Structures are given as structure tokens and as C-alpha cells.
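Only one structure is covered here, and it is reproduced in the block below.
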Amino acid sequence: NLHSRVSKKLLLSQTLARINETEIAFLESGKIPFSDGNEYNEPHHPYSYDLDIFGPHSLFQHLNRTKTVMGKRRLAQTLLHKSVDQEISERQAALQELTKHAEWRQLFSAKAEMANDSEKIVNALGSWTTEQHSFSGWLKILCYLLPASGLSLTLAGILLGFHPLLLNLAGTVFIFNLIVLGSKVKHMNREIAHGDKINETLLRYSELLEAIEQTDWKSQHLKEIRAGLLNGSSGASQKLHELSRIFSALESLQNGLGAIVFNGTFLYHIHAYRKLLNWKSIHTVHLQQWLEVIGEMEMLVSLANLSFNN
């Protein structure tokens, strides 16, 4: 709706302003407000400890402009592992391109910050993808047959002058719908228990992927990243957006009276649960790859920011 769109634009503007104010303050004062990545320190690594790769005033802290968990992980991984010559060359070309697109980088960083993700959410997504449940054929039939029967009986009962038998049968179907829902409530709660308001974070992730998909990149590395996201009938951003909507629908299960009415009439959450399992069976194999793309782009944006500042 209009209010949510205006609120979103306002939040984006505020986030952009904060990112620029923080960067300007850093350049003018030299005080580093960014995460130092100390959690990624490896005392037994050949050089990370001796060269102060992580920790206060470290290389990581100077470079880091990442906003998501995947971005921080990818930047740390890049600093900890040697790259082959071809990878270095492709990355340099990508950085040259990104350095010229300051506005795109800032918008990407702002949207990444708005994702407001955490280790808990990212780890929960990883756990969620490993669990598989099936949606039986009989349940698929019932989730269409029962609502259609209930609505038909209700309509017929009203048209026939509030026929008591038909309306009683419609009421019986309503109750049976709730019994069907009850048989799957534990499974549904298990699916949505992996993260609080995870649909919001997934929506932000989809916007980050969309920003990559909609840009006509010139460098080979960025072109390959984009091509990987667009592999299929629809882009990765659309698929994540769809998953966000499904999670949002399932979370409304906690809305007591509304859940009773919508499930007694339409088996609303059974349909949402079926869509979730269907999404998982088709796309879960790609989810980790899409998250890694966000991390890769955030790492590149951090390095491009250094190039831009210097």
C-alpha cells in the first residue's frame, strides 16, 4: 500500500544518509566505526595473526563496508585465502567497474543494511534447507475439495432460504477443515520457527539480487554472477521474493481469530504450507548459492569503496 511504500522510501533515504555520514566522518577523523572481524581471527593461520588482518585497526576493519553476515564472511575468506592469477585479474576488472558506480554501490549497501540479518537468521536458513517434509496426495486433494464443498453448501443453503441441513453440513465441513489444519500445525510451526520475521530479511535479500540482475555489467566476473542469477524461467530475486511471501503467509497462523476463519473456510495455511514445501523441493539447492552471491557482491563493494576513496 501507499503507506508502506512511502515508509520504505523514507527508510532507504535515512539509511543512505547514515552510510554517507559514517564514511565522511571516517575520512575526516580517521576513527574506524566498522566491524573489525575479530571473530574470524585464526591464531594458527600462516599470516592473519601476525599481519593484523582482523581486530581493532586491522586491514579487515579498514576495508569492511559489508552489512550482511554473508558479506562479512566472504570478505574474511578473501583475506584468509590466496587467489589464483585469473581470479585476481577478473576481480580487478570487476572492481574497476564498481568503482565508477558510486551511486549503485551506496544503494546496494543501504539495502543490505536494511536486511537487518544476523548469524541466527543465516544459520536458521541453513538448517531450514536441510529439513525435508512431504505433502501427501490425499491432503492435496482435501485442501481443494473441502473448501469448495463448504462454500458450495453455504451458498446453496442461503439460496434455498437458509436451508438448515445444508448450512449444518457447511458447518461440519468448516470444523473438519480446522481438524485438517490441526493435523499439520506442528509441522508448520517447525517451518516458521527457524527465524523471527524471516520474511522481511528474505525480501531484502531479493532486492539485493534484483539490483544485480537489473544491471548490465561489462566485466566478466560481474556478468557471470548476473548470468547465474538469471538461470531459469525467472530470476533468483523473484524466487526469494516468493519465499518471503510464503513465510509471511505462514506467520499469520499466529493470528487466532483470523486463522480460524480463513482456515475453516479456505484452508489458507494448508495451501501456504504446500507452497512452502514445493518451493523447498525445487529451489533449496540454489538458496545457499544465492546468499553467497550477496556476500561476493558485498565483498567487491567494500574493495571498490577503498579504490574510490583513494
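Everything quoted here is computed from the prediction, not taken from an experiment.
In the displayed structure, Tyr40 atom OH is contacted under 6.0 Å by more than 12 heavy atoms of other residues, nucleotides or ligands. The 12-atom threshold is exceeded at CD of Gln254, counting heavy atoms of other residues, nucleotides or ligands nearer than 6.0 Å. Annotation: Phe26, atom CZ; neighbour count of heavy atoms from other residues, nucleotides and ligands within 6.0 Å is above 12. Heavy-atom neighbours of Asp85 CG from other residues, nucleotides or ligands within 6.0 Å: at or below the threshold of 12.
Phe266 has its side chain within reach of Leu151: a pair of non-hydrogen atoms, C-beta onward, lies under 4.5 Å apart. At least one side-chain heavy atom of Leu253 sits less than 4.5 Å from a side-chain heavy atom of Leu181. Side-chain contact check for Phe108 versus Leu208: some heavy-atom pair is nearer than 4.5 Å. Considering only heavy atoms from C-beta on, Leu300 comes within 4.5 Å of Leu95 through its side chain. Within the 4.5 Å cutoff, side-chain heavy atoms of Lys184 are placed close to those of Ile270.
Atoms CH2 and CG, on Trp217 and Leu98 in that order, are 5.0 Å from each other to the nearest 0.5 Å. Separating the NZ atom in Lys67 from the OG atom in Ser302 is a distance of 8.0 Å, to the nearest 0.5 Å. To the nearest 0.5 angstrom, Thr78 atom OG1 is 7.0 Å from Leu303 atom CG. Atom CZ of Phe308 sits about 12.0 Å away from atom NE2 of His101, to the nearest 0.5 Å. Atom-to-atom distance recorded for Lys239:NZ and Trp279:CH2 is 9.0 Å, nearest 0.5 angstrom. With values rounded to the nearest 0.5 angstrom, Leu229 atom CG is found 5.5 Å from Leu209 atom CG.
Nearest heavy atoms, Glu298 versus Ala112: OE2-CB, 3.6 Å.
Side chain to side chain, Gln96 and Gln92 fail the donor-acceptor criterion of an N or O pair below 3.5 Å. A donor-acceptor contact under 3.5 angstrom links the side chains of Gln220 and Glu224, judged on distance only.
Remark: the backbone N or O of Ser237 is paired with a side-chain donor or acceptor of Glu213 at under 3.5 angstrom.
Geometric assessment of Arg65 against the ring of Phe34 yields a positive cation-pi assignment under the 6.0 Å and 45° thresholds.
Under the 6.0 Å cut-off for aromatic ring centres, Tyr144 and His271 qualify, their centroids lying closer than that. Proximity of the aromatic rings of Phe60 and His62 is defined here by a centroid distance below 6.0 angstrom, and this criterion is not met.
Residues Val122 and Phe247 fall within the same hydrophobic cluster, defined by Ile, Leu, Val, Met, Phe, Trp and Tyr side chains chained together at heavy-atom separations under 4.5 Å. At a threshold of 4.5 Å between side-chain heavy atoms, the hydrophobic network of Ile, Leu, Val, Met, Phe, Trp and Tyr places Ile246 and Tyr268 in two separate groups.
In this pair, His45 and Tyr47 present their aromatic rings perpendicular. The plane angle is above 60°, beyond the 30 to 60° band.
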**Message:** side chain to side chain contact (heavy atoms under 4.5 Å, CB included) for Tyr273 and Phe135? Distances and angles first, verdict last.
**Reply:** CA-CA 9 Å; Tyr273 178 59; Phe135 196 86; 3.9 Å; yes
